[in-house]
Amino acid sequence: MKLGRDFFARPAPLVARELLGQRLVHLDGGVRRAARIVETEAYHGPLDRASHAFRGPTPRAGIMFGGAAVAYVYVIYGNHGCMNVITGRPGEPSAVLLRSAEPLTGCHHSTRGPGNLCRALGLGRDRHNGLDLGGATLFFERDDAPAGRIVATPRVNVASAGPRWAARRWRFLLASSDWISGPDRGRYSSQLSSSRR
DNA sequence: CCAAGGATTGGC
DNA sequence: CCAATCCTTGGA
């Protein structure tokens with residue numbers, strides 16, 4: 001069962017949390033590439049200084065103002081793609097960054113980290129930015145299996161947004177996952193935390 | 001036009 | 001720790 005527009009047309013922090021455990025599917029010319037989302041970040045509202053939408057509807061970020069259930073794929077540091085899902089209501093910019101996932105099918109690369117996730121699933125700005133997630137190419141499938149314990153932390157690499165926004169706990173992850181990205185990878189999984197000390 | 005910096009990654 | 005690598009943005 002696909003996640004529909006109503007799922008995404010809600011505040012980004014809520015969507016980010018509920019996307020954990022769901023499957024992202026890319027039907028890539030006959031190849032099904034799929035991964036289970038284990039880490040997300042919310043970028044929410046016109047005042048969020050960490051959000052690309054903070055400076056208004058610029059050529060790049062304008063898509064964040066246009067309505068939910070659309071892919072926002074941008075290129076960072078010259079090479080890496082980052083995929084977001086637009087959330088919320090039209091005119092109120094918000095999105096969820098897909099930070100990390102567990103590979104399921106058709107992944108020819110690590111899915112740990114936003115750049116790697118895009119590469120593994122064959123996602124890029126050229127082909128996928130602006131794509132409607134209600135179509136046949138790129139969509140989310142509901143996974144009814146229990147997601148497990150969720151941890152909320154500050155977002156990664158947003159220090160320049162200032163302490164107020166950098167401290168906000170809008171990064172969400174599945175504590176039991178072995179596919180978490182970033183400096184705290186492995187910190188929350190029972191296996192690794194019990195072997196520490 | 002130019003300069004600065006970036007929602008990252010992998011190598012040293 | 002640090003550089004790659006080029007896109008986006010804002011300012012002159």
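In what follows, every chain begins at residue 1, and chains take the letters A, B, ... in the order their sequences are listed.
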Over all strands shown, is [X] touching base, sugar-phosphate only, or nothing at heavy-atom distances under 4.0 angstrom?
{"X": "Asn116(A)", "answer": "sugar-phosphate"}
{"X": "Arg49(A)", "answer": "nothing"}
{"X": "Arg60(A)", "answer": "sugar-phosphate"}
{"X": "Ser181(A)", "answer": "nothing"}

**Atom pair distance, as rounded to whole Å: CG in Asn79(A) and C1' in dA3(C)** =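 So the CG-C1' distance, Asn79(A) to dA3(C), works out to 11 Å.
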**Message:** Output the rounded distance in Å from CD1 (Ile76(A)) to P (dA4(C)).
**Reply:**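 In whole Å, dA4(C) P and Ile76(A) CD1 are 17 Å from each other.
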Residues [X] and [Y] bridged, charged N to O under 4.0 Å:
{"X": "Arg112(A)", "Y": "Glu39(A)", "result": "no"}
{"X": "Arg171(A)", "Y": "Asp184(A)", "result": "yes"}
{"X": "Asp132(A)", "Y": "Arg5(A)", "result": "yes"}

**Prompt:** Which two nucleotides bound the region of DNA chain B that has atoms under 4.0 Å from heavy atoms of chain A, read 5' to 3'?
**Reply:**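 First and last nucleotides in contact are dG6(B) to dG10(B).
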**Item:** Minimum side-chain heavy-atom gap Thr105(A)-Arg33(A) below 4.5 Å
**Value:**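 Not in contact.
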**Message:** Less than 4.5 Å apart, side chain to side chain, heavy atoms only: is that true for His26(A) and Thr137(A)?
**Reply:**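 Touching, per the 4.5 Å side-chain cut-off.
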**Message:** Is it the case that atom CZ in Arg119(A) sees more than 12 heavy atoms from other parts of the structure closer than 6.0 Å?
**Reply:**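 It does not: Arg119(A) CZ has 12 such atoms or fewer within range.
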**Prompt:** Using a 3.5 Å cut-off on both pairing distances, which stems of three or more Watson-Crick or G-U pairs include DNA chain B?
**Reply:**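 Stem segments, range with range: B:1-6 with C:6-11, B:8-11 with C:1-4.
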Side-chain polar contacts of residues 49-60 of chain A - donor-acceptor pairs under 3.5 angstrom, sequence neighbours left out - could you list them?
from     : atom 1 : to       : atom 2 : distance (Å)
Ser51(A) : OG     : Ala53(A) : N      : 3.0
His52(A) : ND1    : Tyr72(A) : OH     : 2.7
Thr58(A) : OG1    : Ala61(A) : N      : 3.2

**Prompt:** Stepwise, does the side-chain contact (heavy atoms from CB on, under 4.5 Å) test hold for Val85(A) with Val70(A)?
**Reply:** CA-CA 6 Å; Val85(A) 184; Val70(A) 169; over 6 Å; no
**Prompt:** Does NZ or CZ of Arg155(A) fall inside the cone over Phe172(A)'s six-membered ring, less than 6.0 Å from its centre and within 45° of the axis?
**Reply:**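 No; the conditions do not both hold, so Arg155(A) does not lie above the ring face of Phe172(A).
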**Request:** Taking only the side-chain nitrogens and oxygens of Thr58(A), find out if one of them lies under 4.0 Å from OP1 or OP2 of dT9(C).
**Result:**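 For Thr58(A), the contact criterion (side-chain N or O under 4.0 Å from OP1 or OP2 of dT9(C)) is met.
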**Request:** For Gly113(A) and for Ser160(A), find the nucleotide of DNA chain B with the closest heavy atom, then tell me which residue's nucleotide is more 5'.
**Result:**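 Nearest nucleotide further toward 5': that of Ser160(A).
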